[in-house]
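First up is the structure itself, then whatever we jot down about it.
From a predicted model like this one, the values you see are computed outputs, not experimental measurements.
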Amino acid sequence: MYRLCGLVLICSLLASCATRDGLPRNYRSFDAKDIPDAVPQVEPKSRYGNPPSYVVLGKRYHVLKSAHCYKAKGKASWYGTMFHERLTSSREPYNMYKMTAANKVLPLPTYVRVHNLDNGRTIIVKVNDRGPFHVDRVIDLSFAAAKRMGMIAKGTANVEIEAIDPRHPNASCDAPQANIKKATGKAQPYLQFGAYGTKNTADKLANRLVPHSEDGVYVRESQANNNPLYKVQVGPFTDAAAANTAMIKFKQLGFNGVFTVVR
């Protein structure tokens, strides 16, 4: 059985990584404004921390093949001195004074933009670790990142996270991207799980799909009778057979009403 390194098991057994025990002695005087955002770089996947799936506390998590257009909303927490200089799941030493983070399913490494919905602050971090293993949490931030986000005292914050493509750091996923098609330019099949009039409803479904998908999960905006329509899709798949196999898996998981679309 694949054994995850570093924080993944230890952190999962804690009630919370955001405790006062994780604070450095200089936490009041430490000025996180001096710590720059992580700079997105094109990097190969880590040799460690990227199994197809893994199990923590009886739950199986599926690591995404790609972070393309990944978005999620939920709680952010943070971890500090208890793990400082220990190995992360990617086997990079954890440095609480750098802009890094942990996520359950994103490929390692992935660069992520984190927006604090409570106070409007935004940072960019490098995801190089696994966690946090709480139902409503989507990211575990380093001490420096949490200080920049203004969430040290409370311990958690409501956030939206969005993966960044280092090759196109300013690209938007609200519109279809050219690199989701094969080099031939031919359209590819996707699975569609629903279409909703509100983005919040679509995002909720997309977040439920993420742990079960090894492919990209997208919320795509279109227009219907001059009103916005938000479609939840997974893909692209190499061919119709691959899409059908995935459809069967999702129906077995209880996602009904799934059908194939070609883009």
Side-chain angles (χ1 to χ4, degrees), residues 61-62 64 66-77 101 103-106 110 112-124 127 132 134-139 141 149-151 154 156-165 168-181 187-237 243 246-247 249-263:
Y61 298 90
H62 296 271
L64 300 177
S66 169
H68 179 63
C69 284
Y70 176 91
K71 287 185 179 181
K73 286 183 179 180
K75 295 280 188 181
S77 51
N103 178 272
K104 295 184 282 285
V105 298
L106 284 171
T110 295
V112 172
R113 183 177 291 105
V114 186
H115 179 60
N116 189 332
L117 301 176
D118 297 330
N119 61 19
R121 298 186 186 182
T122 300
I123 59 173
I124 296 175
V127 176
H134 296 258
V135 174
D136 62 340
R137 297 189 188 178
V138 296
I139 199 164
L141 300 173
M149 292 288 273
M151 53 175 281
K154 186 178 177 182
T156 61
N158 295 301
V159 299
E160 180 175 42
I161 66 174
E162 179 183 5
I164 298 172
D165 183 348
H168 309 285
N170 296 317
S172 170
C173 284
D174 292 335
Q177 301 295 311
N179 61 359
I180 63 175
K181 295 184 178 181
Q188 293 177 269
Y190 288 73
L191 295 181
Q192 183 160 313
F193 290 77
Y196 303 92
T198 63
K199 189 173 186 299
N200 184 55
T201 304
D203 284 342
K204 287 181 179 179
L205 175 56
N207 290 338
R208 286 176 54 211
L209 289 167
V210 165
H212 305 293
S213 178
E214 297 179 358
D215 300 278
V217 179
Y218 308 88
V219 174
R220 302 192 186 280
E221 183 177 356
S222 60
Q223 293 288 321
N225 297 322
N226 294 321
N227 294 313
L229 189 65
Y230 300 93
K231 300 176 181 179
V232 182
Q233 299 177 347
V234 169
F237 298 94
M247 183 188 301
K249 182 194 77 171
F250 281 111
K251 287 184 176 179
Q252 291 173 340
L253 290 170
F255 294 97
N256 298 313
V258 187
F259 60 92
T260 302
V261 296
V262 177
R263 300 186 63 258

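Looking at Lys104, its side chain does come within 3.5 Å of a backbone N or O of Pro132 through a donor-acceptor pair. A donor-acceptor contact shorter than 3.5 Å is absent between the side chain of Lys71 and the backbone of Asn207. Checked by atom type and distance alone, the side chain of Asn103 pairs as donor or acceptor with a backbone atom of Val138 at under 3.5 Å.
Taking the ring centre of Phe193 as origin, the terminal cationic atom of Arg208 falls outside the region bounded by 6.0 Å and 45° from the ring axis.
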- Item | Asn116 and Asn158: CA distance, side-chain angles, deciding distance, side-chain contact (heavy atoms from CB on, under 4.5 Å) verdict | CA-CA 6 Å; Asn116 189 332; Asn158 295 301; 5.7 Å; no
- Residue pair Val112, Leu106: steps toward the side-chain contact (heavy atoms from CB on, under 4.5 Å) verdict: CA-CA 10 Å; Val112 172; Leu106 284 171; 3.7 Å; yes
- Message: What verdict does the side-chain contact (heavy atoms from CB on, under 4.5 Å) test give for Met151 and Leu141, after you've listed the backbone C-alpha separation in whole Å, the side-chain angles of each residue and the deciding distance to 0.1 Å?
- Response: CA-CA 10 Å; Met151 53 175 281; Leu141 300 173; 3.8 Å; yes
- Query: Should His115 and Ile123 be marked as a side-chain contact (heavy atoms from CB on, under 4.5 Å) after you check the CA-CA gap, both sets of side-chain angles, and the distance that decides it?
  - Reply: CA-CA 7 Å; His115 179 60; Ile123 59 173; over 6 Å; no
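Within 6.0 Å of NZ on Lys231 lie no more than 12 heavy atoms contributed by other residues, nucleotides or ligands.
For the pair Lys199 and Glu160, the tightest heavy-atom approach, listed with the atom from each and the gap, is NZ-OE2, 4.4 Å.
Rounding to the nearest 0.5 angstrom, the gap separating the CG atom in Leu205 from the OH atom in Tyr196 is 4.5 Å. With values rounded to the nearest 0.5 angstrom, Phe255 atom CZ is found 4.5 Å from Leu209 atom CG. To the nearest 0.5 Å, atom OG1 of residue Thr110 and atom CG of residue Asp165 are 10.5 Å apart. The line from OG1 of Thr122 to CZ of Arg113 is 8.0 Å long, rounded to the nearest 0.5 Å.
Side-chain contact between Val105 and Tyr70 is present, with heavy atoms from C-beta onward closer than 4.5 Å. Between Met149 and Asn119 the shortest side-chain heavy-atom distance does not fall below 4.5 Å.
Counting only N and O atoms by type, the side chains of Asn256 and Lys251 include no donor and acceptor under 3.5 Å apart. Looking at Asp203 and Asn200, their side chains never bring a donor and an acceptor atom within 3.5 Å of each other.
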